[in-house]
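To start, the structure under review is shown below, and the notes come after it.
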Amino acid sequence: MSGWETVNEPLKSQPGSSSRRTVSRTVTLGRVQPQAPALRTIFCNDREANFAHRYKGNSISTTKYNIFTFLPKGLYEQFRRVANLYFLMVSILSATPYSPVHPVTNMVPLSLVLLFSLIKEAFEDWQRFQNDNAINNTLVDVLQAQGWKTLQWRKLQVGDIIRVKQDGFFPADILLLASTNADGVCYIETANLDGETNLKIRKALEKTWDYLTPEKACEFKGEVQCEQPNNSLYTFTGNLVINNQTLPLSPNQILLRVFSECLSSIVSNVVKGCSLKNTDFIVGAVIFTGHETKVMMNSMNVPSKRSTLERRLDKLILALFSTLFSMCLLGAMGSGIFIDRKYFYLGLRQNVEDQFNPSKRFLVIILTMLTLLTLYSTIIPISLYVSIETIKFIQSSQFINKDLNMYHAETNTPASARTSNLNEELGQVEYIFSDKTGTLTRNLMEFFKCSIGGEIYGTGMTEIEKGVTERKGIKVQEVQTSNDSVREKGFNFYDGRLLRGAWRNEPNHDACKEFFRCLAICHTVLPEGDESPAKIKYQAASPDEAALVLAAKNFGFFFYRRTPSMIYVRESHVERMGKTQDTSYEILNVLEFNSTRKRQSVVCRYPDGRLVLYCKGADTVIYERLGSGNDALNKATRDHLEQFGSAGLRTLCLAYRDLAPDLYESWNEKFIKAKSSLRDREKKLDEVAELIEKELILIGATAIEDKLQEGVPSCIQTLSRAGIKFWVLTGDKMETAINIAYACNLLNNEMKQFIISSETDAIREVEERGDQTEIAHFIKEDVRKQLKQSLDEASQYFCARSGPKLGLVIDGKCLTYALDSSLRIMLLTLGLNCASVVCCRVSPLQKAQVTSLVKKGAHKITLSIGDGANDVSMIQAAHIGIGISGLEGMQAVMASDFAIAQFRFLEDLLLVHGRWSYIRLCKVVMYFFYKNLAFTLTQFWFTFNTGFSGQRFYDDWFQSLYNVIFTALPVIIVGLFDKDISPPLSKKYPELYKEGIRNKFFKWRVVAVWAFFSIYQSLVFFYFISAFSSTSRDRSGKMFGLWDVSTMAFTCVVVTINLRLLMMCNSITRWHCISVGGSILVWFMFIFLYSGITTPLDRNENMYWVIYILMSTPSFYVTLLLVPVAALLVDFLYLCVQRWFFPYDYQIIQEMHKDDIHCTGPSGVVGSKQQLIADEERSNEISQLPREVSKHSGFAFDSPGYESFFASQSGKYVPPNAWDVARRASMRHKATPK
Amino acid sequence: MRFLNSGLACGCTLLLLLCCYVGIRTPKVAERIAVVEYHREGSEMPETNNDRQRRGDRESAFYLFTQQRLPACKPVLTPPWVITIYLLIGFIFVPVGLVTLRASHSVVEIEERYDIECVPETSRTDKVSYIQDDSIPKNCSLLFKVDKYMKAPIYIYYQLDNYYQNHRRYVRSRSDQQLLHGRNSRGTSTCQPVESNNNRTIVPCGLIAWSLFNDTYTFIRGKGELKVNRTNIAWKSDRDHKFGKNVYPYNFQNGTWIGGGKLNPRIPLSDQEDLIVWMRIAALPSFRKLYGRIEEDLDVGDYVNVKLMNNYNTYSFGGKKKLVLSTSNWLGGKNDFLALAYVFVGSSSLTIAIVFLLLHLYSRR
């Protein structure tokens, strides 16, 4: 239900009308539940009768598993991963005699990884369970035994009568019976259901108003017959049968349970909303419970998205598999060649098993393949996925969710990562698709400036002006508006020359008066509430209008009452200060606003009989209709309009015309005739209006700021410096969209702009003929022509380096055809070469289509950001979907991957978190690749020295614990803590982000470098240790055997691999040291225990006492110092040379700022002198803003908020009709006559 | 023991995981306070004890962790650092290398290959049948000239080349259970194909024991025989814990197919040190094993005549046999490789340091 309509319209309870109206508003989220055809009958206040129906209880469960399904289901989930499945197969293989290793070698890592994953799953599920529990155990008053009894929500049953107090939440979908307010009305806040912040009214049926006290409520024996549970939030059909009387029910009597996601945050006091307001308590009957509530039926499965990095990782794993395969093949061939009876000590004479039988060489090769497969299985980093998951989980839950830079204090909303899959994807975004209303703008119009009689008033600076002046190096100091200045929502204007009646002293005070009167009279706004300036509320079809009327109020022309034929204005002007005079103007005609006319006029009669036509509209249409003379004023005003326009303000021209009574009368006849005509009424009205809207006299122009969200232009600018391109997809009109694009600095006058619009005369002409196929054909051809032309023109700039940036504006109708498969390529080529693209008038579906076009057509990472239900499809289509949380509804957030409270937090999310996540994960992946390759290759070189028999070099336990213990933790630490540069620096130098877009850290070249070093290091390990083994002996001359040497080698490997990690860190915290030191220490602790203990059960003869002997010989230490240094020396050299001669961008920044102890932020210290720029100077600056070629004068006038809301609700565009407001005004006054 | 170890391993892991979890999941209070504090920042309320407490929390590790502001040193590899590090490595490694090289050079080592010389000229075309023919006496003699003073103890090693003791089939073919507990122990199936003979178990079973090296050496200086100490040549841990004191060889080398040396069935395995040494398999196909110690000094110019029994067959697979006399020092044996590697690493570090230094001085970035 939209707010004011419900408020104003008397409730109609005819089921027909309600369903007709509501069906069009149906919003369904997620899967549509099949509906059972039968009706549900609920006996209120009668548990026994309801018992027969076995309705579900009110407890909800969002857990994935229960005690019994946990293991099978959880394991199934785990083995869907290729790596795990591979290890399972290898584990099975290692139980066969062909395996050189004990099965434990592959089982242990697998089971540890599984254990860890399962614990994580269980932990998450436990948290969900706890949340459910908290919700289920919330208390509510239930009617039992003639009194209110406090029960947990989960004990609630269908048919129960409950009481909900003020600010309480509704535990189920309930039928409103009675309220403490008069007329059985209650107010509810549904902000996180549908995003509307205004209170909604629900009204009980008159018959049930009395059931307020427990005594009365006990007597209530109604029977509710209603539809089966479904997921349509805005419909409800049912009847209440009470005392043999059947009363139809409408959604107006239904109070919905809230999303449990909100609930869990409500429980933890993060979000407020979805509750009863302004009502002491209400009494209601429970209709749908638990999972059958409409909201729960709407809970959707967010489609799980995989990050691009992970998909590339799959390729890396595939490469590893092929490496593994070729290594095995090589080894197996070797074994086939090697095996020979001449090695008598191998006992190959008789009874030889197949694997070593020299007479079956082919079989030897095949079986040795299997052997080597198990032996080299460590090349596949089994713990990689679980490590990455852990890292990402912590990154999202601890870093992103708790970042105070992304915490919005006003709405108490932190950022929230709803999935941990996509953290690193945030570091590679190249295209951002943004909604406009609610995302870029606040949907708040504020009267900002005006131009009256060729003079500019208003001293404020828009964000874009601030940006421009700041780019010129002048620090802008926010003017401290003095406390007594007028400041209210919708009016952000300060100029001492006009406020508080000071305009009377202006030279052009007559123009001012006319200006203000025009504002106060020429509109279709409805006043509501008290008729005092402080308390009045204006209901307008568009926020622009409300802002203008509000401005008039603040200038002393207080519009306070409207009747169908009169407008009452309290004018505090007139001759003397402080005196007010109530004046009534008779409204004779309203020539309404529409998109072709682009203007609105009112003919009114002053009390003294003066007839005036006031007109406001777009500069183009007004200037066409101006009377002759006054060129100086017109020119000055036009200059001002352009100035406003380039500052991103929405402008309107105001004009008036004095009418002679006889002229008017003759015109009015035509008007009445046109109005009562049955065919083409609109067209005829327009024609009639043309007759009178001419020879206008320009009064001035207004400039309204479509208030941007805080920090939007600077955020957009930073992000575009980071190489990110913006596409604004909005349902608004082209003018509005262009305006906002200007305000956000997405478009500016230096850009080469291509506008592909369907608002051309040719198209309009064809449309008027009404032949659909012809229209389609014509528009398509036209779009093709326009696209081709734009593309030709644009292509000359593609190669030119210093050419102007390109911008594309396209409207929804053209887009429909441009998205056609034949034109798609052209659109894509053009769009991709533009710095910013604005698509206006697009439907939610088109938003998604455009997003997928870039995602699939350009193979670039896309991000969608939006706040409303109309953005859901776009959010789900992009690689990353971001919802704006806090004020608006939950639909976008529920469909999103990340939720942030403000658009500007995107900067932190992408440039800081995304960038870091990307760099960190690349490091983690590369390090995993490197450490497993280096380790496995030592084993590979050893194979060459064992007659290719597949003998293991390392003890089973070494091999199995290598990945999961000795080298597991430090890499996670790097994945969490590595910081190349501080957050302020990464925002100061957004260009660094381009490294992520170009994917510089996860290229095959990088992989090759790491592979080279793993090969080099493994060779060092193996051959240095071989050299060591050839002569090393203990004190009494005893030589070292295989296991001693392998222990030595493994020690070197563990030390080197861990130290290598420190070398790739950009910052080293104590946790790095602890984890690296700890890992090495754990290895020594392990080997001390392992080689020191023998028990009868397991004697590990091979390893017994090894480390003690090793450590008693000096050559152990000599080697242990040599091998890591020799292995890492070349890596180190590479790092140095790379940094010295081929540095990455971030390395340059690092060195520039290496002496900064604490980066206090990019906006450094600015000289205090510059802060004292006087107003004049600033206006001077503004006047120097680039605008010489400007054609953009900033006209925009519509009602984007309501529009897009309607569009989102009904799936189509519903223009607000100005007449509606006036008509309602008349109805209201008829309903409540004075 | 496997169980104990697995338990241990799991324990370790869990401990590690627990540590990191505890580190991460400190109570939610801290974050709340952080948020509260964030709100408070602007206000100018007098600082109470509570506030001070909160400020303390704000500095807490968890707060710093979630805000990613943990104190960290940020090593930037600037030229001065790079040069310093390379110089440091150079200054440590060159001296260590020189010391090691000196130690390596101080070891006196005499090595002589004898597998070819010890086959009579006539049999050299078919060495395998020579070595397999028991009727031919296998004695042979070698003459060692001592060029440097060799201080006792002088270790006697035999060295085999191209001998794959680390072949998987070979490595597996032993029964540690049997070695410790004797004939009736289970788990001899791994000993294939030398598990039993005539349906009786072989002790010690398996290919390793079966292929026991059996060349013997006696050393004569001048006229007197040099006393060779052949005890304590095996690892003590092996003798005490892997080879049973009450386990005697049984049915060993009794079959038609004889691999190597025989064992005295009256001596328990724990005292059969040659076997113990042999069964500690070598890592690489070229290896030395300890034979005994000469506990007299050898002077420069001494001639040592070695009477050896060339019993062991390396001819069929082209292996080499060598006899090595070597003194020992703290480093162990003669090993120039490690020492040279040290010097190489050290000096190349110095070179790189100098190159970088010159680059740094003459062509600044």
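Within every chain, numbering begins at 1; the chains are lettered A, B, ... in the order of the sequence lines, protein sequences first and strands thereafter.
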Sub-6.0 Å ring centroid separation between [X] and [Y]:
X        : Y        : answer
Y164(B)  : F338(A)  : yes
W957(A)  : F1086(A) : no
F1028(A) : F1116(A) : no
F65(B)   : F977(A)  : yes

Does any backbone or side-chain atom of [X] lie under 4.5 Å from a heavy atom of chain B? Answer side chain, backbone, both or neither.
X        : answer
I339(A)  : side chain
I400(A)  : neither
I972(A)  : neither
T371(A)  : side chain
R341(A)  : neither
F1022(A) : side chain
F942(A)  : side chain
V1045(A) : side chain
Q355(A)  : side chain
D403(A)  : both
P983(A)  : neither
F356(A)  : side chain
S1029(A) : side chain

Quick one about [Y] and [X] (side-chain donor to acceptor, distance below 3.5 Å, no hydrogens or angles considered), yes or no?
X        : Y       : answer
W916(A)  : D978(A) : no
T946(A)  : N166(B) : no
R1033(A) : S326(B) : yes

Could you tell me whether the side chain of [Y] reaches within less than 4.5 Å of the side chain of [X], counting heavy atoms only?
X        : Y       : result
Y170(B)  : S211(B) : yes
F62(B)   : T66(B)  : yes
V1082(A) : L969(A) : no

Is it the side chain or the backbone of [X] that comes within 4.5 Å of chain A heavy atoms, both, or neither?
X       : value
Y312(B) : side chain
I281(B) : both
A234(B) : backbone
N313(B) : both
Q67(B)  : side chain
A282(B) : backbone
E109(B) : side chain
W235(B) : both
I208(B) : neither
T327(B) : backbone
P193(B) : side chain
S348(B) : side chain

Distance (rounded to the nearest 0.5 Å) between H167(B) NE2 and S335(A) OG: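 Reported value, rounded in 0.5 Å steps: 7.5 Å.
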
W278(B), F213(B), Y158(B) screened by ring-ring contact (aromatic ring centres under 6.0 Å, His included) with Y163(B), the one that passes: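 Only match with Y163(B) under ring-ring contact (aromatic ring centres under 6.0 Å, His included): W278(B).
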
For the interface with chain B, which of [options] has the highest count of heavy-atom pairs at distances below 4.5 Å?
options                               : answer
S1026(A), C1065(A), S1032(A)          : S1026(A)
G950(A), S1036(A), A1126(A), S1115(A) : S1036(A)
N945(A), V1123(A), T1119(A)           : N945(A)

Out of L179(B), T314(B), D336(B), I233(B), return the one with the most heavy atom pairs under 4.5 angstrom to chain A. I233(B)

Can you list every salt bridge (charged side-chain N to carboxylate O under 4.0 Å, His left out) pair that touches residues 1039-1048 of chain A, not counting sequence neighbours?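 Pairs touching residues 1039-1048 of chain A that pass the test: D1044(A)-R280(B).
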
Parallel, tilted or perpendicular: which describes the rings of [X] and [Y], with under 30° parallel and over 60° perpendicular?
X        : Y       : answer
F344(A)  : F317(B) : tilted
F1132(A) : Y86(B)  : tilted
Y345(A)  : Y343(A) : perpendicular

Applying side-chain contact (heavy atoms from CB on, under 4.5 Å), name anything that partners V96(B), two or more places apart in sequence or on another chain.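 Applying side-chain contact (heavy atoms from CB on, under 4.5 Å) to V96(B) gives I92(B), T100(B), Y342(B).
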
